[in-house]
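A, B, ... follow the sequence lines: proteins, then strands. Residue 1 opens every chain.
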Amino acid sequence: MSLKIYNTLTRKKEEFKTLQPGKVSMYVCGPTVYDKAHVGHAMSALVFDIVRRYLEYLGYEVHHVTNYTDVDDKIIQRAAVEGVEPLTVAERYIKEFDRHLHDLNILPASEYPRATEQIDNIVKSVAELVKKGYAYPKDGDVYYRVDKFPDYGKLSGRKLEDMEAGFRIEVDSRKEHPLDFALWKAAKTGEPSWPSPWGNGRPGWHIECSVMSQTCLGDQIDIHGGGNDLIFPHHENEIAQSEALTGKHFATYWMHNGMMQLSGAKMSKSVGNLVTIDSFLEKYEANVLRMMVLNSSYRGPLTFNEETIQHAQRALKRLRSALKPALPQENWQGGKDLKDRSKQVRELFRKTMDDDFNTAGTLGHIFDFVKDINQARDEGADQESLEAAQAVLKELTGVLGLKLDQEQAQAGEAGEFIDLLVEIRTRLREEKLWELSDLIRDKLEELDVILEDTPQGTTWQWK
RNA sequence: GGCGACGUAGCCAAGUGGUAAGGCAGAGGUCUGCAAAACCUUUAUCAUGGGUUCGAUUCCCAUCGUCGCCUCCA
């Protein structure tokens with residue numbers, strides 16, 4: 001068995017081979033921090049968190065780098081509107097995004113470089129590109145010369161000729177070729193800027209990723225990831241820059257996640273069809289969003305609406321149903337079967353995840369296992385056997401980043417009163433006063449408290 | 001106009017050249033004082049039209065439809 005990854009560069013699933021044995025270098029494009037992040041950004045972070053967790057499960061040491069773009073037009077615009085420094089805006093949303101990553105149970109990257117911390121290296125790289133003839137200065141700007149890079153278009157499957165004929169390219173007479181893109185932008189008044197051989201200015205968007213990737217991970221990396229909206233031009237340009245700079249093949253595997261859809265279109269700021277991570281987490285636990293991501297293919301679009309959220313919530317509840325305690329019976333004999341199934345589900349997990357992180361297929365096997373566990377409990381499995389199987393379930397869902405243990409405090413102010421009501425109701429039930437005990441159950445349900453009567457007594461939980 | 005992805009049951013969704021996982025919802029049943037939960041049973045010929053093949057949902061072509069990129073974007 002071996003891991004296969006779909007590579008955007010070749011449009012095929014390829015066997016995963018690292019540059020160095022046992023080690024993976026992975027660069028994932030992070031957000032531009034000019035406003036609150038939405039669940040689409042979260043989706044991307046979740047996808048690559050799952051990739052990273054699985055690689056680590058396989059035993060790889062993963063060097064995971066994600067950047068923050070902290071200087072660009074939108075940040076500057078936003079700062080102007082608010083009357084603050086651009087870096088103040090960037091800093092605020094970086095902090096917020098860090099908090100989101102934590103709340104979403106996303107493992108911290110090894111490094112979080114920022115564009116503004118890499119200006120020296122960026123200037124050096126731009127100068128190098130100019131020196132090598134891949135770039136040319138013009139009125140304080142510096143442009144990349146796409147004509148000079150023969151492989152331009154290899155990631156997105158485009159040809160320069162085709163694109164020239166495209167109707168949306170606006171012609172800038174200062175550029176040699178309409179597709180030449182800015183490596184360095186001359187400073188306008190009031191904008192943050194840094195000195196350079198071409199005058200004061202700031203980096204273009206694409207160069208920062210090439211430079212940060214190289215600085216943190218070296219000339220060549222195993223995996224480069226991001227949303228599929230970055231394939232062109234961003235990642236195409238990164239390849240052009242990096243490979244022109246080093247003369248080496250840049251990233252082996254290019255992975256791209258699909259877009260979060262809301263109301264039939266890509267979730268985005270410009271369309272205005274977005275749900276922020278904050279507003280999502282106010283209403284739902286982080287696992288719900290992760291479940292939505294897991295239940296579909298990472299490369300395809302993911303529809304976000306009330307219905308898909310409900311589905312994810314219920315699926316999560318179903319996984320948790322397998323974690324209930326045993327109801328042992330003396331003559332139970334299914335111990336070996338359950339053990340065999342545990343072993344088998346581990347193998348299936350591995351096999352399915354190896355197929356380009358097929359999380360939806362993997363969930364199918366996990367749900368089968370949930371059924372087996374519940375079945376065993378119904379048949380009277382002992383606590384020890386059941387717990388061994390539950391440990392496997394938690395292990396595998398843990399690799400997917402799900403937290404099945406219910407942390408929600410049943411204590412707290414309301415908790416004590418609910419406990420009291422449950423206790424009274426238990427007495428009533430002992431006295432067979434069904435009408436009153438049902439009344440308590442119904443009224444509590446109206447208050448979002450669900451009671452369940454089990455052989456071990458009554459349990460409750462928030463709806 | 002160019003490039004790319006996708007179209008599987010009411011919904012979400014996996015998958016295979018030999019008649020299709022799983023979850024949710026629905027129906028019936030077991031259990032329960034009644035419920036809930038759990039368990040059992042049950043629900044599809046895989047967009048359409050051609051082609052290749054002994055045989056295609058799975059391969060090829062066309063058509064229709066949806067989405068993404070070509071401008072900032074996870």
Nearest to side-chain heavy atoms of [X], which nucleotide of [options]:
{"X": "A:Asp378", "options": "B:C39, B:C72, B:A36", "answer": "B:C39"}
{"X": "A:Asp355", "options": "B:A37, B:A21, B:G15", "answer": "B:G15"}
{"X": "A:Arg425", "options": "B:C69, B:G33, B:C11", "answer": "B:G33"}
{"X": "A:Met267", "options": "B:C39, B:A74, B:G68", "answer": "B:A74"}
{"X": "A:Asp453", "options": "B:C70, B:G33, B:A74", "answer": "B:G33"}
{"X": "A:Asp368", "options": "B:A21, B:C70, B:G68", "answer": "B:A21"}
{"X": "A:Ser296", "options": "B:A37, B:A13, B:C72", "answer": "B:A13"}
{"X": "A:Phe367", "options": "B:G22, B:A74, B:G33", "answer": "B:G22"}
{"X": "A:Ser44", "options": "B:G68, B:C34, B:A74", "answer": "B:A74"}

Please give the nucleotide sitting opposite [N] as a Watson-Crick or G-U wobble pair, both distances under 3.5 Å, or none.
{"N": "B:U19", "result": "none"}
{"N": "B:U45", "result": "none"}
{"N": "B:U30", "result": "B:A38"}
{"N": "B:A74", "result": "none"}
{"N": "B:G10", "result": "B:C24"}
{"N": "B:G4", "result": "B:C67"}
{"N": "B:U52", "result": "none"}

* To the nearest Å, how far apart are A:Trp434 CH2 and B:U32 P? -> 12 Å

* **Integer-rounded Å distance: B:C69 P and A:Met259 CE** => 8 Å

* If we take the C1' atom in both B:C70 and B:U16, what is their distance in whole Å? -> 36 Å

* To do: With P as the reference atom in both, quote the distance from B:U57 to B:U45 in angstrom, rounded to an integer.
  => 12 Å

* Asked: Any donor-acceptor pair under 3.5 Å joining the side chain of A:Arg314 to the base of B:C12?
  ->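 Donor-acceptor pair under 3.5 Å: no.
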
* Pair of N/O donor and acceptor under 3.5 Å linking B:G33 base with A:Arg429 side chain -> yes

* Could you pull out the closest heavy-atom pair between A:Gln261 and A:Pro301, with the gap in Å? => CG-CB, 3.7 Å

* Spell out, as yes or no, whether a donor-acceptor pair under 3.5 Å connects the side chain of A:Thr69 to the backbone of A:Thr32. => no

* Asked: For A:Lys266, does its backbone N or O pair with a side-chain atom of A:Asn273 as donor and acceptor, under 3.5 Å?
  -> yes

Short side-chain N/O contact to [N] OP1/OP2 from [X], under 4.0 Å:
{"X": "A:Lys266", "N": "B:C69", "answer": "yes"}
{"X": "A:Thr32", "N": "B:A74", "answer": "yes"}
{"X": "A:His41", "N": "B:A74", "answer": "yes"}
{"X": "A:Asn358", "N": "B:A14", "answer": "no"}
{"X": "A:Asn295", "N": "B:G22", "answer": "no"}
{"X": "A:Arg441", "N": "B:C34", "answer": "no"}
{"X": "A:Gln375", "N": "B:A38", "answer": "no"}
{"X": "A:Arg320", "N": "B:A38", "answer": "no"}

* Run through A:His234, A:His235, A:His64, A:His256 and flag the one making a ring pair (Phe, Tyr, Trp, His ring centres under 6.0 Å) with A:His224. =>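 Passing option: A:His235.
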
* Asked: Is A:Ile50 close to A:Tyr298 at the side-chain level, that is, under 4.5 Å between some pair of heavy atoms?
  ->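 Side chain of A:Tyr298 against side chain of A:Ile50, heavy atoms only: no contact under 4.5 Å found.
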
* Is the closest side-chain heavy-atom distance between A:Ile207 and A:Trp184 below 4.5 Å? -> no

Need one value for [X]: base, sugar-phosphate or nothing, where a base atom within 4.0 Å counts as base even if backbone is also close, heavy atoms only.
{"X": "A:Gln310", "value": "nothing"}
{"X": "A:Thr8", "value": "nothing"}
{"X": "A:Gly258", "value": "base"}

* Do A:Tyr57 and A:Phe349 make the cut of ring centroids closer than 6.0 angstrom? -> yes

